[in-house]
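Here the structure is laid out as structure tokens; the discussion comes afterwards.
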Amino acid sequence: MQTMEEVLGSHPFFAGLSAGAMRLIAGCASNVHFAEGEFLFEEGHEANQFWVIRRGRVAMQLESPGRGAIVTDTMDEGEVVGWSWLVPPYRFFADGRAVTPVSATALDGACLRGKCEADPELGYQLLKRVTSVMYQRLQSTRIRLLDLYGTEPAQA
């Protein structure tokens with residue numbers, strides 16, 4: 001049986017962090033499970049967690065009046081979801097819903113923010129990783145927008 005440090009330390013998001021940093025991070029972690037259709041988080045709610053998906057699929061979605069939920073992205077095993085824990089005002093800007101049953105490691109964002117304040121190097125390392133995830137999600141959204149709106153020529 002692996003320790004939380006070992007589980008997280010083997011994940012690409014945490015690659016290259018020191019054993020000391022992994023001990024600090026693991027102290028903010030817990031195992032969680034979500035049933036299909038269950039929300040990990042909801043738009044506008046306080047963002048005090050993020051998740052490392054071990055099994056399953058999570059859909060990021062926005063509610064659109066008259067259209068219902070619009071899926072903007074999906075995350076699968078090995079990915080992380082929920083970077084709003086690091087960005088004030090610490091509120092989710094979309095919903096995260098389990099498309100399949102999900103097993104994940106939840107990381108307490110308030111706990112991690114406190115540890116980042118106390119250890120600026122840890123904060124910098126996590127910030128670099130979170131901004132990389134944000135960049136990837138922006139690129140994914142850009143491609144989806146091109147798929148949706150880039151197929152017809154512009155009208156003059």
Side-chain angles (χ1 to χ4, degrees), residues 1-63 68-144:
M1 180 135 183
Q2 289 185 308
T3 67
M4 191 62 75
E5 287 175 46
E6 292 168 336
V7 169
L8 293 174
S10 67
H11 192 276
F13 182 82
F14 300 103
L17 290 177
S18 70
M22 290 312 306
R23 270 191 301 282
L24 290 173
I25 292 166
C28 297
S30 61
N31 290 316
V32 294
H33 304 279
F34 298 92
E36 181 178 331
E38 190 175 354
F39 286 89
L40 283 71
F41 53 91
E42 296 180 68
E43 181 178 1
H45 288 201
E46 192 171 3
N48 273 329
Q49 286 188 312
F50 79 103
W51 298 265
V52 176
I53 303 168
R54 291 192 321 273
R55 279 187 279 302
R57 173 174 277 188
V58 175
M60 295 289 298
Q61 59 188 43
L62 298 170
E63 281 297 320
I70 298 172
V71 174
T72 59
D73 208 349
T74 56
M75 277 63 66
D76 295 299
E77 180 178 327
E79 295 185 89
V80 297
V81 64
W83 50 261
S84 298
W85 69 274
L86 189 58
V87 181
Y90 312 117
R91 297 269 174 210
F92 291 112
F93 65 91
D95 297 332
R97 184 181 50 80
V99 176
T100 65
V102 170
S103 294
T105 301
L107 289 123
D108 182 314
C111 174
L112 282 176
R113 286 193 303 268
K115 290 182 181 191
C116 289
E117 289 293 329
D119 183 345
E121 178 59 24
L122 174 64
Y124 176 64
Q125 291 301 322
L126 287 176
L127 182 63
K128 287 194 310 186
R129 286 160 172 78
V130 168
T131 50
S132 177
V133 170
M134 292 168 67
Y135 177 79
Q136 291 167 5
R137 298 283 155 69
L138 285 170
Q139 289 300 328
S140 177
T141 300
R142 178 180 173 272
I143 290 167
R144 284 181 188 263

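Positions are given from 1 along the sequence.
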Exercise for the section: Would you check if L17 and L8 make a side-chain contact, meaning some heavy-atom pair closer than 4.5 Å? Expected result: no
Applying side chain to side chain donor-acceptor pair (under 3.5 Å) to E5 and not counting sequence neighbours gives none
Any F14 side-chain heavy atom under 4.5 Å of M22 side chain: yes
**Request:** Apply side chain to side chain contact (heavy atoms under 4.5 Å, CB included) to L127 and L86, showing your working.
**Result:** CA-CA 8 Å; L127 182 63; L86 189 58; 3.8 Å; yes
Rounded to the nearest 0.5 angstrom, the CE-OG distance for M75 and S140 is 8.5 Å
The reported gap from CG in D76 to OG1 in T100 (rounded to nearest 0.5 angstrom) is 8.0 Å
Correct closest heavy-atom pair for R54 and H33 would be NH2-CE1, 4.1 Å
Shortest non-hydrogen pair, G82 vs F92, comes out as CA-CE2, 4.2 Å
To the nearest 0.5 Å, atom CG of D73 lies from atom CD of Q139 at 11.5 Å
Output, in order, the C-alpha distance, side-chain angles, deciding distance and verdict of side chain to side chain contact (heavy atoms under 4.5 Å, CB included) for M4 and I25.
CA-CA 9 Å; M4 191 62 75; I25 292 166; over 6 Å; no
Closest non-hydrogen atoms of G16 and R129, given as atom of the first, atom of the second and distance, are C-NH2, 4.1 Å
Show me the side-chain donor-acceptor pairs of residues 109-119 shorter than 3.5 Å, one per line, residues at least two apart or across chains.
| residue | atom | partner | partner atom | Å |
| --- | --- | --- | --- | --- |
| R113 | NH1 | N48 | OD1 | 3.3 |
| R113 | NH1 | W85 | O | 2.6 |
| R113 | NH2 | N48 | OD1 | 2.7 |
| K115 | NZ | L24 | O | 2.8 |
| D119 | OD1 | E121 | N | 3.3 |
| D119 | OD1 | L122 | N | 3.2 |

Here the pair of heavy atoms bringing Q49 nearest to D108 is CG-CA, 4.4 Å
In this structure, CD of E63 is separated from CD1 of I70 (nearest 0.5 Å) by 8.5 Å
In this structure, CG of L126 is separated from CG of L107 (nearest 0.5 Å) by 9.0 Å
T74 and V71 have their tightest heavy-atom pair at CG2-CG1, 4.0 Å
Next on the checklist: Please verify the inter-ring angle class for W51 with F34; under 30° counts as parallel, over 60° as perpendicular, anything in between as tilted.
Outcome noted: perpendicular
| message | Counting neighbours of CZ on R91 that are heavy atoms of other residues, nucleotides or ligands and sit closer than 6.0 Å, is the number greater than 12? | response | yes
Q) Going by heavy atoms in the side chains, are E46 and F41 under 4.5 Å from each other? A) no
Contact between F39 and R97 at the side-chain level, heavy atoms closer than 4.5 Å - yes or no? yes
CG (N31) and OG1 (T105) are apart, to the nearest 0.5 Å, by 5.0 Å
Residues V99 and E36: closest non-hydrogen pair is O-CG, 3.1 Å
By ring pair (Phe, Tyr, Trp, His ring centres under 6.0 Å), F13 pairs with (sequence neighbours left out) F50
